[in-house]
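These notes concern the structure reproduced below.
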Amino acid sequence: CDLSAARAAAEEAAERLAAARRDEAFLRHAVEELADLAPEAGEEERLAEQRTLAMHAEQVIESLNAALADLSGDGGAEERLQSALRHLDRARAKAGGHLDGALATLDRAAEALAEGVQDVERLGAALDLDPAQQERVEERLFTLRALARKHDVAPDDLPALAQDLTARLAALDDGGADLARLETAAATAREAFVQAAADLSAARVRAARRLEKAMAKELEPLRLGKAAFHVTLSLLDEDRWTVLGRDGVVFEVSTNPGAAPGPLNRIASGGELSRFMLALKAVLAAADPVPTLVFDEVDSGIGGAVAAAVGTRLDGLARDVQVLVVTHSPQVAARGGHHWRVAKAEAGGTVETTVIPLDPAQRREEIARMLAGAEVTDAARAAADSLLEGPAE
């Protein structure tokens, strides 16, 4: 129901908020620590390269200077290449175009050489031999890797971790408002449930009184005229409220005048319980969509006039719905519209159950057997005839 769903949502939000608050100190410290460091994706690789270059900066600079001397110093490659170009250019007119390809290639080589010299010069200028800078690079690289190990992530995943922890902290800060909203929704759902349950309880009280009156009419012909049937309603504890409302319903009976009522299943004897259940079935048959009622030994614990009364009531009930009765009582069996004999017999090491429809003569004989026992007498047959004729109107 809506109340259960609202309560579940509020309880879940409360549990999440409590779990987040248990981790609040860690979250705030971690977010602050990551914000101070401000890690960037790919930063570890860049720092590692800077550290490696700084560690060998002197050797690299020496090589760069030597390369620059070879490339652009006095008598270097750049100067010699330009000299070669001038010589070839002077001979171009006399070569009849045969030097054009070589000159073009050497021009491109001169441009590439100039670019290479510039790259070497830029790298030399970028190299920093400042020990303090090298120390800063190493310190940040160490801090980056240590923080990654602390959170068990790769250094490149630290920016994403910072976003996630920041979002969790924001959810924690907003969690109180969300929980309050859900608790308000739960309280509103409870109010609606209580109102609907109160209306249902009032309807149940009215239905209970009608059921008691109807049962009183049914008990008299079943020889339970001195018994009383009560429907007791009680308010259940809130944790037991369901979509069926908040009422506990107990059928209580008192079988003797002046006796205090008690639960039907505890107070009534076997025979009385059968008749109470028959009365309930009879009263509720009109409201029950099931077109067939089955009674298994509803005559248990009764006999004589009481069994006859039960048979008569079953006969009346069968006018509205189909009634199937399993019985050992001849008084009950005689009131049926049709009669089958159910028998068990052992054959070939197994027990077989047979159901045999009886014609009028067979039925008379079976009821006589039920009356007399093993030996069917004429008196038993006469008594069976009397039962089959039914009670005088």
Side-chain angles (χ1 to χ4, degrees), residues 215-227 253 255-256 268-286 288 290-393:
M215 282 291 289
K217 294 179 180 178
E218 288 291 335
L219 294 178
E220 179 66 34
L222 293 176
R223 304 298 177 94
L224 286 172
K226 295 182 179 180
V253 299
T255 55
N256 296 303
S269 64
E272 291 170 339
L273 182 60
S274 297
R275 284 177 282 163
F276 274 113
M277 294 307 298
L278 172 58
L280 273 172
K281 285 285 189 179
V283 170
L284 299 177
D288 193 338
V290 177
T292 300
L293 298 178
V294 179
F295 294 94
D296 186 7
E297 298 191 13
V298 69
D299 55 358
S300 176
I302 60 174
V306 175
V310 169
T312 300
R313 188 61 192 93
L314 287 168
D315 183 24
L317 185 60
R319 296 170 188 173
D320 298 318
V321 296
Q322 179 175 254
V323 178
L324 300 178
V325 181
V326 179
T327 181
H328 292 282
S329 168
Q331 291 88 348
V332 173
R335 304 304 300 155
H338 303 276
H339 196 154
W340 292 267
R341 181 174 66 236
V342 180
K344 291 183 179 181
E346 184 175 349
T350 61
V351 175
E352 293 183 351
T353 300
T354 58
V355 180
I356 303 171
L358 304 181
D359 61 26
Q362 292 171 325
R363 184 181 183 192
R364 171 177 179 263
E365 194 70 11
E366 178 63 18
I367 292 176
R369 185 196 62 76
M370 295 171 72
L371 286 165
E375 183 179 350
V376 179
T377 63
D378 290 339
R381 292 187 180 93
D385 289 336
S386 177
L387 288 176
L388 288 168
E389 290 173 2
E393 297 296 337

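Looking at heavy atoms from C-beta onward, Leu324 lies out of side-chain contact with Val326 at the 4.5 angstrom threshold. Inter-residue side-chain proximity for Lys281 and Phe295 is flagged as met; some heavy-atom pair is nearer than 4.5 Å. Within the 4.5 Å cutoff, the side chain of His338 has no heavy atoms near those of the Leu358 side chain.
Annotation: side-chain hydrogen bond (donor to acceptor under 3.5 Å, both in side chains) contacts involving residues 370-381, sequence neighbours excluded, comprise Glu365-Arg381, Asp378-Arg381.
Between Ala368 and Val376, the shortest heavy-atom distance links the atoms CB-CG1, 3.6 Å. Listed here is the closest heavy atom pair of His339 and Ala333: CE1-CB, 3.9 Å. In this structure, Ala307 and Ser329 approach most closely via the heavy-atom pair CB-OG, 3.5 Å. Closest heavy-atom contact between Pro330 and Leu371: CG-CD2, 3.5 Å. Summarising the geometry of Val323 relative to Ala318, their closest heavy-atom pair is CG2-CA, 3.7 Å, with the distance given to 0.1 Å.
Considering only residues two or more places apart in sequence or on other chains, Val355 meets the side chain to side chain contact (heavy atoms under 4.5 Å, CB included) condition with Trp340, Val342. Qualifying side chain to side chain contact (heavy atoms under 4.5 Å, CB included) partners for Asn256, counting only residues two or more places apart in sequence or in other chains: Ala259. In this structure Glu366 satisfies the salt bridge (charged side-chain N to carboxylate O under 4.0 Å, His left out) test together with Arg341, Arg369, sequence neighbours excluded. When the salt bridge (charged side-chain N to carboxylate O under 4.0 Å, His left out) test is applied to Arg223, no partner is found at least two apart in sequence or on another chain. Here Gln322 pairs with Thr292 under the side chain to side chain donor-acceptor pair (under 3.5 Å) rule; sequence neighbours left out. Partners of Glu220 under the side chain to side chain contact (heavy atoms under 4.5 Å, CB included) rule, at least two apart in sequence or in another chain, do not exist in this structure. Residues meeting the side chain to side chain contact (heavy atoms under 4.5 Å, CB included) test with Ala279, sequence neighbours left out: Met215, Glu218, Leu219, Leu222. Under the salt bridge (charged side-chain N to carboxylate O under 4.0 Å, His left out) criterion, Asp320 pairs with no residue at all, not counting sequence neighbours. In this view, Arg364 and Asp385 satisfy the salt bridge (charged side-chain N to carboxylate O under 4.0 Å, His left out) rule, not counting sequence neighbours.
Arg335 contributes no side-chain N or O that, together with a main-chain N or O of Gly316, makes up a donor-acceptor pair within less than 3.5 Å. In this structure, the side chain of Glu389 does not engage the main chain of Ser386 through any donor-acceptor pair within 3.5 Å.
Partner of Leu278 under the side chain to side chain contact (heavy atoms under 4.5 Å, CB included) criterion, out of Val325, Leu314, Val283, Leu273: Leu314 alone.
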| request: Could you walk me through whether Thr255 and Phe276 pass side-chain contact (heavy atoms from CB on, under 4.5 Å), step by step? | output: CA-CA 11 Å; Thr255 55; Phe276 274 113; 4.2 Å; yes
